[in-house]
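Written below as structure tokens is the structure these notes are about.
Because the structure is a prediction, the values reported are computed rather than measured. Read the numbers this way: they start at 1 and go in the same order the structure lists the ligands and their atoms.
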Amino acid sequence: MAEVPVIAIDGPSGSGKGTVAAEIARRLGLRVLDSGALYRLAAFAARRAGVPLDDADGVARIAAGLPVEFRDGRVLLDGEDVTLAIRTETAGNDASKVAVLPQVRQALLQWQRDQARPPGLVADGRDMGTVVFPDAPVKIFLDASAGERARRRHKQLMEQGVDVKLSDLVAEIEARDARDRNRSVAPLKPAPDALVIDSTGMSVDEVVEKILQAAQPSVFSG
Ligand code: DC
């Protein structure tokens, strides 16, 4: 693995990982890896190809050859802009389903590791600190209560004009958490050397500052 600084940020859905990771990458001038997007894309592409989401080898074959490009904040699949299409609740649940399949995780592993290139990487997901970048000098586990995560998601969806019931979101988030935490391969859990931050009641800026402080000695030591 390349010797570049890697900041691994893991946590459950809706914990704010993506927003925080993007802001840290911007401030430090590092690259960013949204690993969840890969699982979303694998499931999305499988559905399109008519491959059942529990067909481990079929989905893995698709995951291994994903024609994906991340460009200017957009996600392109074979040249088509699927940025919004992979952000729906269904796409998230589909992603969580294919993410339990070891073959799919294996198919996506090297591509993720290859993103650790100069000047360095901020990677967010569920297993960044435990499996993909076990030697990352900075590991963060970002948590928040299920209620708070559902409220954040609800606000986001309402702003986009999508009307959903908060109670439905809480139930969905809890179901997805249970699947992500209880799977046998690369379950969602803090790495033993991760700094656990509970962001309930914290602003994005407060979380970013806390992570930058934690990253200070490793990432800026030159
Ligand atoms: O972070 P996200 O909500 O976009 O992730 C969607 C799903 O993908 C999530 O429920 C579990 C899976 N995932 C994973 O298993 N490992 C990762 N590193 C990232 C996401």
Location of contacts on [X] toward ligand 1, heavy atoms closer than 4.0 Å:
X      : result
Asp127 : both
Arg179 : neither
Arg183 : side chain

Can you tell me if Gln112 has a non-hydrogen atom under 4.0 Å from ligand 1?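 No heavy atom of Gln112 comes that close to ligand 1.
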Under a 4.0 Å N-O cut-off, is there an ion pair linking [X] with [Y]?
X      : Y      : answer
Lys17  : Asp10  : no
Asp94  : Arg176 : no
Asp180 : Arg126 : yes
Lys189 : Asp127 : no

Side-chain donor/acceptor of Glu80 to backbone N/O of Leu76, under 3.5 Å: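 Looks like no, no N/O pair under 3.5 Å.
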Among Thr130, Asp180, Asp34, Asp94, which one has a heavy atom closest to atom 11 (C) of ligand 1?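 Nearest heavy atom to atom 11 (C) of ligand 1 lies in Asp180.
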Compare Gly18, Ser35, Ala42, Ala99 and give the one whose heavy atom is closest to atom 12 (C) of ligand 1.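 The nearest heavy atom belongs to Ala99.
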Give the numbers and elements of all ligand 1 atoms closer than 4.0 Å to a heavy atom of [X].
X      : value
Ala95  : 6 (C), 7 (C), 8 (O)
Arg176 : 3 (O), 6 (C), 7 (C), 9 (C), 10 (O)
Ser96  : 7 (C), 10 (O)
Gly125 : 18 (N), 19 (C)
Met128 : 18 (N)

Under a 3.5 Å cutoff, is there a donor and acceptor pairing between the side chains of Asp205 and Ser203?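 On atom types as modelled, these side chains do not qualify, holding no pair under 3.5 Å.
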Is there a donor-acceptor contact under 3.5 Å linking the side chains of Ser96 and Arg179?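 Yes, Arg179 and Ser96 have a side-chain donor paired with an acceptor closer than 3.5 Å.
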Evaluate Arg40 for polar contact with ligand 1, using N/O atom pairs at a separation under 3.5 Å.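 Between Arg40 and ligand 1 (N or O atoms, distance only) the closest approach is under 3.5 Å.
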Can you find an N or O of Tyr39 that's nearer than 3.5 Å to an N or O of ligand 1?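 Not met; the criterion fails.
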Under 3.5 Å, side-chain donor or acceptor atoms of residues 154-161 against the rest of the protein: list the pairs with distances, not counting sequence neighbours.
{"residue": "His154", "atom": "NE2", "partner": "Val164", "partner atom": "O", "Å": "2.9"}
{"residue": "Gln156", "atom": "OE1", "partner": "Arg153", "partner atom": "NH1", "Å": "2.6"}

Take Ile7 and Ile24 through the test side chain to side chain contact (heavy atoms under 4.5 Å, CB included) and record every step on the way to the result. CA-CA 9 Å; Ile7 299 178; Ile24 289 174; 4.0 Å; yes
Between Arg40 and Ser35, is the side chain to side chain donor-acceptor pair (under 3.5 Å) condition met? List the steps. CA-CA 9 Å; Arg40 287 171 183 265; Ser35 65; over 6 Å; no
Among all the protein's non-hydrogen atoms, which is closest to [atom], and how far away is it?
atom                    : value
atom 1 (O) of ligand 1  : Arg126 NH1, 2.8 Å
atom 20 (C) of ligand 1 : Gly36 CA, 3.5 Å
atom 16 (N) of ligand 1 : Arg105 NH2, 3.0 Å

